[in-house]
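Here's the structure we're looking at; comments come further down.
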Amino acid sequence: MRGRRRYPLKLRRRAVNWAHQKPSWREARPGVIADALRRALARPSGNWYVVGAARDVRPGRPLGRTVAGVELVLWRDESGKLVAGPGACPHLGAPLKDSRVHCGTLICHWHGLALDGGPFAGWEPYPAHDDGVLAWVRLDGPGGERPLDRPVVPARPEAAGSVDAVYTGFGVCEPEDVVANRLDPWHGAWLHPYSFVDLTVLSTPEGGGEGHGDDGSDAGDGFAVDVSFKVAGRAVVPVRAVFTAPEPRTVVMRITEGEGRGSVVETHATPLGLDDRGRPRTAVVEAVVAASDRPGFAAARAAAPALRPLMRAVAGRLWRDDLAYAERRWHLRGTGRFPG
């Protein structure tokens with residue numbers, strides 16, 4: 001693929017319909033996907049888990065979440081710093097997510113026990129990190145790895161020149177099933193024909209080393225793909241993208257050529273715990289960070305609050321299909337019928 005076009009749109013002159021596109025099942029070798037997944041799962045996470053969008057933890061109100069079976073509460077202290085810890089009050093177990101934040105202090109609504117974010121009355125905070133787009137928490141018990149001071153956050157476009165949106169979805173599967181879905185780029189034009197066409201996988205990590213380029217400039221241990229995003233009718237936007245897995249619960253798609261070069265889509269798979277039937281539940285937290293040096297993109301940044309719901313809706317449509325893929329994979333693994 002050549003550099004960026006003068007105009008982002010291209011008209012498909014020889015459009016191939018869904019049924020007549022080249023089958024991808026021969027290239028999508030189960031062993032290649034399994035090996036990429038194995039390498040991803042072997043990388044360190046430092047016990048960090050994505051909780052959700054950083055903007056969801058708003059000043060003045062607590063947020064409750066469950067990650068890896070651990071009940072959590074998150075809030076912002078008086079300086080705006082992210083705070084996280086056990087979601088049950090150490091006094092009599094009140095749900096702290098329903099309590100109140102006053103001047104950066106979380107005050108239990110049952111008996112008034114006040115938590116300023118430091119250890120107190122048996123309550124111990126968990127390490128938390130706000131990377132500007134996502135909120136993370138470190139859980140050393142469930143993680144079981146050597147802790148890292150900070151999570152493995154992929155390189156992103158500068159915040160001042162980008163628009164970000166975060167989608168969250170939920171599925172009955174394990175994080176590895178979500179990661180495996182993202183490490184199978186061949187399914188794109190078949191499973192998502194409303195969004196992707198003319199998809200070609202240019203290179204795979206088969207036989208590659210363990211390293212991965214954090215800046216996305218080199219496929220490294222990733223998959224390089226040429227693909228066109230459908231806009232309307234025969235109008236598409238062609239790009240080249242590279243998929244890499246910097247840690248065991250994250251897959252990053254970075255546009256390396258074409259419109260929006262440098263933009264990233266980060267897919268984070270966070271285990272939640274078991275549902276009432278004993279099945280694992282996983283949250284997909286996907287951060288889209290879009291950038292462009294075109295003059296008109298300044299208007300898009302100005303309209304970011306209006307754009308974010310649209311960006312989340314696009315991600316949500318894709319993940320309705322991809323979560324079905326991940327859930328099916330988990331079901332087949334659990335019944336010993338997964339062919340991969």
Legend entry - Six-ring centre of Y194, R317 cation under 6.0 angstrom, axis tolerance 45°: yes
Would you indicate whether the side-chain heavy atoms of [Y] and [X] approach each other to under 4.5 Å?
X    : Y    : result
T200 : V227 : no
W48  : P147 : no
D322 : H192 : yes
R254 : S263 : no
T204 : E27  : no

Inset, instruction - For E124, look at atom CD and say whether over 12 heavy atoms of other residues, nucleotides or ligands are found less than 6.0 Å away. - result: yes
Considering only distance and modelled atom types, tabulate donor-acceptor pairs under 3.5 Å from the side chains of residues 277-286, sequence neighbours left out.
| unit_1 | atom_1 | unit_2 | atom_2 | d |
| --- | --- | --- | --- | --- |
| R279 | NE | D275 | OD2 | 2.8 |
| R279 | NH2 | D275 | OD2 | 2.9 |
| T282 | OG1 | C173 | O | 2.8 |
| E286 | OE1 | T267 | OG1 | 2.6 |
| E286 | OE1 | W319 | NE1 | 2.9 |
| E286 | OE2 | W319 | NE1 | 3.3 |

Which pairs would a plain distance check flag for residues 92-107, meaning a side-chain donor or acceptor within less than 3.5 Å of a matching protein atom at least two apart in sequence or in another chain?
| unit_1 | atom_1 | unit_2 | atom_2 | d |
| --- | --- | --- | --- | --- |
| S99 | OG | H109 | N | 3.2 |
| S99 | OG | H109 | ND1 | 2.8 |

What pairs of donor and acceptor atoms, side-chain ones from residues 111-123 against any protein atom, are under 3.5 angstrom apart with sequence neighbours left out?
| unit_1 | atom_1 | unit_2 | atom_2 | d |
| --- | --- | --- | --- | --- |
| H111 | ND1 | H91 | ND1 | 3.3 |
| D116 | OD1 | G118 | N | 2.9 |
| W123 | NE1 | P86 | O | 3.0 |

Inset, instruction - Could you tell me whether a side-chain N or O of R261 sits under 3.5 Å from a main-chain N or O of V239, the two making a donor and an acceptor? - result: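 It does not hold such a pair.
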Legend entry - ring-ring contact (aromatic ring centres under 6.0 Å, His included) involving H20 - partner list, sequence neighbours excluded: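 Not a single residue meets the ring-ring contact (aromatic ring centres under 6.0 Å, His included) criterion with H20.
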Inset, instruction - Give a yes or no on whether the ring-centroid distance for W186 and F223 is below 6.0 angstrom. - result: yes
For residues 133-141, which side-chain donor-acceptor pairs fall under 3.5 Å, sequence neighbours excluded?
| unit_1 | atom_1 | unit_2 | atom_2 | d |
| --- | --- | --- | --- | --- |
| W136 | NE1 | D131 | OD2 | 2.9 |
| R138 | NE | D140 | OD1 | 3.0 |
| R138 | NE | D140 | OD2 | 3.4 |
| R138 | NH1 | L148 | O | 3.2 |
| R138 | NH2 | D140 | OD2 | 3.2 |
| D140 | OD1 | N47 | ND2 | 3.0 |

Inset, instruction - Inspect the contact between D130 and R76 and indicate whether a charged nitrogen and a carboxylate oxygen are less than 4.0 angstrom apart. - result: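 Yes.
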Legend entry - Check against ring pair (Phe, Tyr, Trp, His ring centres under 6.0 Å), W25 and W190: CA-CA 10 Å; W25 66 271; W190 286 99; over 10 Å; no
Legend entry - Members sharing F170's hydrophobic cluster (side chains within less than 4.5 Å):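 Besides F170, the cluster holds L272.
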